[in-house]
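For reference, the structure is listed below as structure tokens.
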Amino acid sequence: MDYDFKSIEAKWQSWWAEHKTYRAVEDPSRPKFYVLDMFPYPSGAGLHVGHPLGYIASDIFSRYKRLRGFNVLHPMGYDAFGLPAEQYAIQTGQHPEKTTTVNIARYRSQLDRIGFSYDWEREVRTCDPAYYKWTQWAFLKMFDSWYDPVQDKARPISKLIEKFKKEGRWDGLSEQEQSDLLMQYRIAYQGETSVNWCEELGTVLANDEVKDGVSVRGGFPVVQKKMKQWQLRVSAYASRLLDSLESLDWSDSLKEMQRNWIGRSEGAEVEFDTVCDGVHRQITIFTTRVDTIFGVTFMVLAPESELVPQLTAAANKAEVEEYLAASRKKTERERMAQTGKNVTGVFSGSYGINPLTGEQIPIWISDYVLAGYGTGAIMAVPAHDSRDYAFARKFDLPIIPIIEGCDVSEESFDAKEGKMCNSGFLNGLDVKEAIEKAKDYVEAKGIGRRKVNYRLRDAIFSRQRYWGEPFPVYYKDGIATPLPESELPLCLPAIDSFKPTGEAPLARAKDWTYEGYPIETSTMPGFAGSSAYYLRYMDPHNDEALVSPEANGYWRSVDLYVGGTEHATGHLIYSRFWNKFLYDLGYVCEDEPFRKLVNQGMIQGRSNFVYRIKGTNTFVSSTLKDSYDTTEIHVDISLVHNDRLDLEAFKAWRPEFADAEFILDDGEYVCGWAVEKMSKSMYNVVNPDEVCDNYGADTLRLYEMFLGPVEQSKPWDTKGIDGVVRFLRKFWRLYWDREEFLVKDTEPSPAELKVLHKLIAKEQEDIENFSYNTTISAFMIAVGELASLGTVSRAILEPLAVLLCPFAPHVCEELWHALGHEGSVCDAPWPEYVAAYAADDTVTYPVQFNGKMRFTVDMPRSASPAEVEAAVRSNAQTDKYVAGMNIVKVIVVPGRIINIVLK
RNA sequence: GCCCGAGUGGCGGAAUGGUAGACGCGAUGGACUCAAAAUCCAUUGUCCCUUAAAGACGUGUGGGUUCGAUUCCCACCUCGGGCACCA
């Protein structure tokens with residue numbers, strides 16, 4: 001029989017489906033292992049070969065763990081709410097649900113062809129009401145909770161009310177006042193803050209959805225706007241999110257990204273007296289450099305700070321108003337661009353009083369100070385802060401150096417080193433000591449206190465969009481009131497048009513009311529549905545709970561999570577927050593959701609180019625292009641083989657090339673190439689379906705892993721796939737020769753057993769380290785060796801099929817059944833490694849003289865270093881290389897090398 | 001600017017202190033064939049050389065540690081990623 005991957009793959013894929021081979025069932029008698037992929041957003045473009053990279057890696061790991069006796073949970077689903085489907089609906093009028101369903105079906109068929117071991121009975125879709133019921137439920141729990149700083153965890157809001165009652169702060173408040181009070185404490189709360197507003201998308205965005213001042217989706221400009229929005233009090237968890245990062249088995253770079261995003265900084269808050277038109281008032285600033293307080297020459301408020309109206313002198317009002325108005329209109333991008341000399345600001349007309357020197361200093365307003373960080377007000381030390389320095393230079397404010405010997409004529413001295421001067425009681429101290437002493441001083445004087453600040457902000461949780469989870473909240477006489485849990489899920493209502501009209505789409509829904517009161521018209525953001533999906537997979541059909549304590553107690557948390565780095569500051573922060581919240585309330589048993597995380601690299605495209613001579617329709621081969629003035633044009637990689645252009649196909653590709661002429665090199669047109677992002681516009685997209693059609697799923701799986709380490713980005717180049725194709729054919733031929741099944745019940749030779757055991761040892765080690773490319777190399781070597789040994793023994797070939805099955809499940813399943821087994825190879829026992837064959841081994845030691853290799857010596861692996869040394873000293877060749885010199889020492893590294901040091 | 005990560009043949013990559021370039025692609029030569037495909041065999045870092053033996057050089061650059069460095073340390077260069085008025 002020949003290796004016919006098409007029929008083999010189709011046959012076993014349906015066999016697996018029929019036999020429910022990959023169904024996971026809780027079984028307390030077996031150890032569990034939970035392997036999770038980041039579920040995809042089902043986009044209209046379908047999958048390209050880069051997408052399944054992580055899925056293949058995790059599938060190999062799942063199958064391997066299963067062979068090692070673990071009860072593996074390996075689910076898949078869809079992150080199905082999101083902007084693109086809605087944008088598409090706006091353009092075409094098609095309901096997002098419809099396009100999403102179509103896209104999901106396409107994703108599913110593409111995934112199915114690759115032969116993943118997913119338990120599809122556990123599939124989740126975030127847009128399914130049965131699923132988003134639990135997203136809404138979690139929101140209600142967050143609404144009904146507060147963060148208790150004493151116990152350092154979230155607790156029911158009723159406990160807070162009890163506390164207020166005891167303190168006499170509750171009774172006598174009106175309903176509205178009670179609601180307003182609690183709103184300041186709820187984990188999910190509604191609050192007025194400065195938010196990222198994207199006009200083009202008609203919605204607010206969270207911090208991680210904005211990059212370089214534009215929206216991540218679409219790249220539209222973003223402005224700061226004060227708005228009342230639903231938010232999640234993620235900031236309450238900042239220190240816990242930071243601290244428990246230590247315990248996670250994630251890459252250092254990813255942890256570092258999260259640390260940066262959380263942005264802990266230690267400093268102090270200091271009170272400054274201010275005077276504005278004769279009115280005195282205290283304000284608080286935050287600084288990490290209390291030691292520089294003698295160098296303060298002015299203060300700055302953020303334009304959005306609520307202190308601005310209070311500290312604007314009547315005489316300066318007009319100017320300040322003008323500045324505030326201009327600042328409001330700027331996009332984030334414009335604000336970020338105005339660094340250094342372009343810095344802007346306006347004098348408020350009021351003054352602060354330095355609490356240490358008693359000196360009066362002007363208060364300015366500038367948007368280089370952020371409202372959302374610290375207190376929105378700073379003390380400016382231009383000599384030792386580059387931003388303050390730029391501002392002082394621009395507006396001609398004094399600069400007083402307070403560190404000995406520093407030169408501030410050209411730039412500020414920001415480093416935390418040197419000896420203090422011009423600083424009263426701090427003089428002569430080292431900067432680090434001065435910081436501590438100054439903190440002690442302000443605390444003792446009662447004018448300040450130590451304070452840790454975090455950059456991490458609360459997450460803006462509402463979106464003025466349609467295609468998301470509705471908030472289970474209605475407004476009873478203007479008071480935000482949760483829907484009773486029994487009303488969940490609150491289903492997304494039908495609307496007649498998706499076109500933006502300036503109001504939230506749900507405001508146009510008919511009867512969007514509860515008991516006659518209006519329901520919230522915002523919907524939840526994309527990260528809502530993805531924050532707890534890993535919990536839902538544990539118990540996906542439960543109507544009573546997000547996850548039952550039994551299911552959660554068994555599967556606990558994700559043992560291995562595979563996905564891209566792009567979620568480092570979004571999903572992976574929100575999920576950890578969400579999980580910690582549920583943990584605080586006792587709904588889940590683990591504090592962290594993802595124990596080990598592997599970031600797969602990107603698969604880049606390999607683009608091809610043709611070179612058109614400017615002003616003509618003549619194309620010159622890349623090998624000759626330097627003698628012409630050419631334009632580089634992307635050409636579809638399907639028209640190119642081995643970098644040689646198919647001229648006829650190229651002419652037929654697009655009408656403008658129909659009469660193209662060519663300058664060939666040696667009869668061939670050689671295309672240029674480059675590694676770029678895989679995308680339609682670069683004509684370098686490779687579709688996994690095509691690869692499955694032409695080479696088979698097992699080949700695709702092996703090749704993606706063989707390309708290089710999973711974590712690394714690497715280019716896809718289809719021409720390299722032949723090596724893997726040849727390997728699989730060779731592997732097949734160990735079992736089958738035309739019509740004859742070669743496997744016999746003969747005794748294997750020691751040489752054959754050695755090949756097998758070497759492979760078992762290598763695979764065990766490599767899979768645990770995600771070093772799949774080297775495992776596959778080891779397979780290629782082993783199969784080559786077995787072929788030349790003429791292996792037919794069942795004792796070798798049966799375990800061999802098991803070993804390869806995580807990588808190439810279809811072909812191994814076929815062979816496993818050909819060997820006479822009834823059940824799936826997935827349930828085969830992992831081949832035992834027989835230590836005897838390793839002990840029996842011979843090691844060929846290279847013998848070096850002063851680091852230079854001269855000859856080799858064969859020794860049994862079990863030989864002691866002393867025995868090896870003795871054997872080498874008495875070797876006939878040794879004398880020749882010693883040649884009259886003295887042997888200083890002999891270094892024997894067991895199993896590796898012998899080095900003889902001569903002098 | 002700050003913080004991570006990476007630089008190895010024509011290409012993807014292997015080796016985390018011990019024979020640098022495993023394995024694969026590509027390339028060259030050969031076998032089989034009327035021929036092609038497929039398959040198999042051999043060669044394939046650079047230099048010197050007719051060839052071979054032998055040798056020298058060689059993991060971004062320059063230093064250092066070591067009997068021995070792609071691997072560890074210091075400085076620099078280049079590329080990739082993240083953060084960036086966070087006081």
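So that the names make sense, note that chain A is the first sequence line, chain B the second, and so on, each numbered from 1. Keep in mind that the numbers below use all heavy atoms, side chains included, and drop hydrogens, waters and symmetry copies.
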If we take the [atom1] atom in both [N] and [M], what is their distance in whole Å?
N	M	atom1	result
B:rU61	B:rC11	P	16 Å
B:rG21	B:rG12	C1'	13 Å
B:rU78	B:rC85	P	25 Å
B:rC73	B:rU44	P	35 Å
B:rG58	B:rC3	C1'	33 Å
B:rA38	B:rG26	P	10 Å
B:rG60	B:rG9	P	8 Å
B:rA15	B:rU8	P	15 Å

Protein and nucleotides 80-84 of chain B: nitrogen or oxygen contacts under 3.5 angstrom:
residue: B:rA84; atom: OP1; partner: A:Arg455; partner atom: NH1; Å: 2.7

Please report the distance, rounded to the nearest Å, between [atom1] in [X] and [atom2] in [N].
X	N	atom1	atom2	value
A:Glu676	B:rC79	CD	C1'	16 Å
A:Leu728	B:rU39	CG	P	13 Å
A:Trp732	B:rU39	CH2	C1'	18 Å
A:Asp291	B:rA87	CG	P	14 Å
A:Arg264	B:rC2	CZ	C1'	19 Å
A:Leu902	B:rG68	CG	P	12 Å
A:Arg335	B:rC85	CZ	P	10 Å
A:Asn608	B:rC11	CG	C1'	13 Å

Would you give me the side-chain donor-acceptor pairs under 3.5 Å for residues 881-893 of chain A, sequence neighbours excluded?
none

With sequence neighbours excluded, what pairs up with [X] under the side-chain contact (heavy atoms from CB on, under 4.5 Å) test?
X	answer
A:Glu411	none
A:Thr791	A:Glu752, A:Leu786, A:Leu789, A:Ile796, A:Leu797
A:Val210	A:Asn196, A:Leu205, A:Val222

(request) Any chance you could measure A:Asp291, atom CG, to A:Ile293, atom CD1, to the nearest 0.5 Å? (result)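 One finds 9.5 Å between CG of A:Asp291 and CD1 of A:Ile293.
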Can you list the residues that meet the salt bridge (Lys or Arg N to Asp or Glu O under 4.0 Å) rule with [X], with sequence neighbours excluded?
X	value
A:Arg457	none
A:Glu763	none
A:Glu271	A:Arg449

For nucleotides 70-76 of chain B, list the nitrogen or oxygen atoms of the protein found under 3.5 Å from its nitrogen or oxygen atoms, one pair per line.
none

(request) Would you mind building the protein contact string for nucleotides 18-29 of chain B? One character per nucleotide, 5' to 3', B for base within reach (heavy atoms under 4.0 Å), S for sugar-phosphate only, - for untouched. (result) BB--BBSSSS--
Could you pull out every donor-acceptor pair under 3.5 Å between side chains of residues 771-783 of chain A and any protein atom, sequence neighbours left out?
residue: A:Ser771; atom: OG; partner: A:Thr774; partner atom: OG1; Å: 2.9
residue: A:Tyr772; atom: OH; partner: A:Ala57; partner atom: O; Å: 3.1
residue: A:Thr774; atom: OG1; partner: A:Asp766; partner atom: OD2; Å: 2.8
residue: A:Thr774; atom: OG1; partner: A:Ser771; partner atom: O; Å: 3.0
residue: A:Thr775; atom: OG1; partner: A:Ser771; partner atom: O; Å: 2.9
residue: A:Ser777; atom: OG; partner: A:Asn773; partner atom: O; Å: 3.2

(request) Taking syn as within 90° of 0 and anti otherwise, name the glycosidic form of B:rG9. (result)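 Because its glycosidic torsion lies within 90° of 0, B:rG9 adopts the syn conformation.
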(request) With heavy atoms under 4.0 Å as the rule, sort A:Arg457 into base, sugar-phosphate or nothing. (result)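 Result for A:Arg457 = base.
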(request) Report which part of the nucleic acid A:Val888 touches: base, sugar-phosphate, or nothing (heavy-atom distance under 4.0 Å, all strands). (result)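 Nothing, no heavy atom under 4.0 Å.
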(request) Flag this pair as yes if the NZ/CZ of A:Arg606 is under 6.0 angstrom from the six-membered ring centre of A:Trp716 and inside a 45 degree cone about the axis; otherwise no. (result)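 A:Arg606 over A:Trp716 ring: no.
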(message) On the six-membered ring of A:Trp250, is A:Arg259 placed so that its NZ or CZ lies under 6.0 angstrom from the centre and within 45° of the ring axis?
(response)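 That pair does not qualify as a cation-pi contact.
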(message) For B:rA87 and A:Tyr368 - does any side-chain N or O of the residue sit under 4.0 Å from the phosphate oxygens OP1/OP2?
(response)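 Checking B:rA87 against A:Tyr368, no side-chain N or O comes under 4.0 Å of OP1 or OP2.
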(message) Identify the stems formed by RNA chain B, where each pair is Watson-Crick or G-U wobble with both distances under 3.5 angstrom and a stem is at least 3 consecutive pairs.
(response)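 Result, WC/G-U stems under 3.5 Å: B:1-7 with B:77-83, B:10-12 with B:23-25, B:26-31 with B:39-44, B:45-47 with B:55-57, B:60-64 with B:72-76.
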(request) Output yes when A:Arg873 and A:Glu869 qualify as a salt bridge under the 4.0 Å nitrogen-oxygen rule, no when they do not. (result)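 Yes.
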(message) One thing to verify: whether A:Glu304 and A:Arg335 come together as a salt bridge, which I'm taking to mean a side-chain N less than 4.0 angstrom from a carboxylate O.
(response)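 So A:Arg335 pairs with A:Glu304 through a salt bridge.
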(request) Using side-chain contact (heavy atoms from CB on, under 4.5 Å) as the criterion, point out the one residue from A:Asn875, A:Thr856, A:Val872 that pairs with A:Val847. (result)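 One option only clears the test, and that one is A:Val872.
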(message) By nearest heavy atom, map A:Arg729 and A:Gln712 onto RNA chain B; which one lands nearer the 5' end?
(response)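 Per heavy-atom nearest nucleotide, the more 5' residue is A:Gln712.
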(message) Let's go through A:Glu436 and A:Arg450 carefully: what are the C-alpha distance in whole Å and the side-chain angles of both, what is the deciding distance for salt bridge (Lys or Arg N to Asp or Glu O under 4.0 Å) to 0.1 Å, and is it a yes or a no?
(response) CA-CA 10 Å; A:Glu436 287 315 306; A:Arg450 283 183 162 75; 2.8 Å; yes
